[in-house]
Amino acid sequence: MMNYLTVKGDTSTNIRALVNIGGITDLSRTIEHHAEIGDVANELIPEFEANRDMEIKKRSAIYWTHELPKNIPILLLHSKDDQHVHYSQIPQFADSLQLNGVPYKLVSFENDKHGLLNHDKLVRELIMDWFNLYVRDLKPFESDNIRETIE
């Protein structure tokens, strides 16, 4: 969630690429599937209890995907069995990224949990490759094979 908030509406940032592992894109849906997050939000977000809907939308990139930079490629890594950030929000978010011209790649993982520890080595390789391409080598975004599933 913080990655998206950091770059929201900012085209002058020095950030060249993002990676999210199990990142929240719809706080409402996350709370629906993991009620304890609602308690955390209530504790950490000022005015959450009084302005719940507004505060959720302010922190849920699904509502403002159009404000994300079109020059920062995002790598989304997410388990289909994530017990903290339900996977159902991720395909919808990827659709919205695509619709709004935000470069991204979604890699979904079968048989793993929130931190993708069952695929630790592959996750590290994917992250390093992503940053090498778009930060170190300054390559233009390649839109081939933007969605894949790892068994």
Side-chain angles (χ1 to χ4, degrees), residues 1-41 43-45 56-151:
M1 180 183 346
M2 297 309 293
N3 275 344
Y4 305 124
L5 287 168
T6 299
V7 299
K8 179 183 178 185
D10 185 0
T11 57
S12 64
T13 184
N14 287 327
I15 296 171
R16 298 219 167 113
L18 294 177
V19 174
N20 273 314
I21 299 174
I24 294 171
T25 60
D26 185 340
L27 184 54
S28 180
R29 197 174 292 180
T30 299
I31 292 169
E32 177 184 323
H33 291 280
H34 187 53
E36 293 83 7
I37 296 296
D39 296 334
V40 172
E43 180 181 326
L44 297 178
I45 299 172
I56 283 174
K57 286 182 179 177
K58 281 171 42 178
R59 289 162 178 80
S60 299
I62 191 66
Y63 294 105
W64 36 264
T65 310
H66 61 282
E67 294 184 57
L68 294 174
K70 313 297 188 262
N71 62 334
I72 300 176
I74 302 170
L75 177 60
L76 303 167
L77 305 173
H78 210 101
S79 170
K80 289 186 174 183
D81 299 319
D82 193 316
Q83 69 279 21
H84 296 294
V85 180
H86 200 268
Y87 182 77
S88 62
Q89 64 189 274
I90 302 307
Q92 180 184 7
F93 182 64
D95 290 346
S96 187
L97 290 172
Q98 191 162 354
L99 180 69
N100 287 286
V102 178
Y104 79 95
K105 179 173 183 166
L106 169 59
V107 182
S108 304
F109 293 83
E110 300 280 356
N111 305 312
D112 213 331
K113 297 188 186 308
H114 182 63
L116 300 175
L117 296 178
N118 294 343
H119 295 88
D120 185 52
K121 184 178 179 192
L122 176 59
V123 167
R124 281 186 275 130
E125 289 172 11
L126 289 168
I127 292 169
M128 289 305 298
D129 288 349
W130 192 260
F131 286 133
N132 285 340
L133 273 173
Y134 301 115
V135 177
R136 184 192 67 194
D137 300 340
L138 299 174
K139 298 279 185 182
F141 179 71
E142 297 176 15
S143 60
D144 297 342
N145 195 25
I146 59 171
R147 294 189 193 199
E148 66 179 279
T149 299
I150 305 293
E151 297 289 324

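Because only heavy atoms are used, hydrogens play no part in the values below, and waters and symmetry mates are left out as well, while side chains stay in. Note that the structure is predicted; figures quoted are calculated from it, not measured.
- Salt-bridge check for D95 with R147: passed, with a basic side-chain N closer than 4.0 Å to an acidic carboxylate O.
- With values rounded to the nearest 0.5 angstrom, L5 atom CG is found 10.5 Å from E67 atom CD.
- From S79, atom OG reaches atom CD1 of I21 across 11.5 Å, with rounding to the nearest 0.5 Å.
- Annotation for P103 and P69: closest pair CD-O, 4.2 Å, computed over non-hydrogen atoms.
- Taking the side chain as every heavy atom from C-beta outward, N3 and I74 never approach each other to under 4.5 Å.
- One finds the CG atom of L77 at 11.5 Å from the CG atom of D82 (value rounded to the nearest 0.5 Å).
- Formation of a donor-acceptor pair under 3.5 Å by the S60 side chain with backbone atoms of I62 is not found in this model.
- Heavy atoms only, all atoms of each residue included: S108 and Y87 are closest at OG-OH, 2.6 Å.
- Closest heavy-atom contact between A94 and L106: CB-CD2, 4.2 Å.
- Considering every non-hydrogen atom in both R16 and V135, the closest pair reads CB-CG2, 3.9 Å.
- Between Y134 and F141, the ring planes lie tilted relative to each other; the angle falls in the 30° to 60° range.
- To the nearest 0.5 Å, the span separating CE on M1 from OG1 on T6 amounts to 11.5 Å.
- Rounded to the nearest 0.5 Å, atoms CD (E32) and CD1 (I37) are 13.5 Å apart.
- By the side chain to side chain donor-acceptor pair (under 3.5 Å) test, R124 pairs with D120, sequence neighbours left out.
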Can you list the steps and then say if L122 with V107 is a side chain to side chain contact (heavy atoms under 4.5 Å, CB included)? CA-CA 11 Å; L122 176 59; V107 182; over 6 Å; no
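- Counting heavy atoms from C-beta on, the side chains of F93 and D26 never come closer than 4.5 Å.
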For N111 and D81, run side chain to side chain contact (heavy atoms under 4.5 Å, CB included): C-alpha distance rounded to whole Å, both residues' side-chain angles, the deciding distance at 0.1 Å, then the answer. CA-CA 6 Å; N111 305 312; D81 299 319; 4.2 Å; yes
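- The main-chain N or O of L18 is found under 3.5 Å from a side-chain atom of W130 such that the two form a donor-acceptor pair.
- The local environment of NZ in K8 is crowded, with over 12 non-hydrogen atoms from other residues, nucleotides or ligands closer than 6.0 Å.
- Between the D112 side chain and the N118 main chain, a donor and an acceptor come within less than 3.5 Å of each other.
- Closest of all the heavy-atom pairs between P91 and S88 is CD-O, 3.7 Å.
- The shortest side-chain heavy-atom distance between I146 and Q98 falls under the 4.5 Å cut-off.
- Counting heavy atoms from C-beta on, the side chains of H86 and H34 never come closer than 4.5 Å.
- Applying side chain to side chain contact (heavy atoms under 4.5 Å, CB included) to I56 and the options T30, I45, L27 leaves one that passes, L27.
- The CD1 atom of I24 lies 11.0 Å from the CE atom of M2; values are rounded to the nearest 0.5 Å.
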For a side chain to side chain contact (heavy atoms under 4.5 Å, CB included) check, start with the C-alpha distance between L126 and H119, then their side-chain angles and the critical distance, and finish with the verdict. CA-CA 11 Å; L126 289 168; H119 295 88; over 6 Å; no
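- Salt bridge annotation for K105-E148: present, with a cationic side-chain nitrogen under 4.0 angstrom from a carboxylate oxygen.
- Side-chain contact check for Q92 versus R29: some heavy-atom pair is nearer than 4.5 Å.
- Ring geometry for H114 against H84 counts as perpendicular: the plane angle is over 60°, on a 0 to 90° scale with 30° as the lower cut.
- Put simply, the side chain of L68 does not reach to within 4.5 Å of the side chain of N100, judged on heavy atoms.
- Partners of D129 according to the side chain to side chain donor-acceptor pair (under 3.5 Å) rule, which considers only residues two or more places apart in sequence or in another chain, do not exist here.
- Heavy atoms from other residues, nucleotides or ligands lying under 6.0 Å from NZ of K70 number more than 12.
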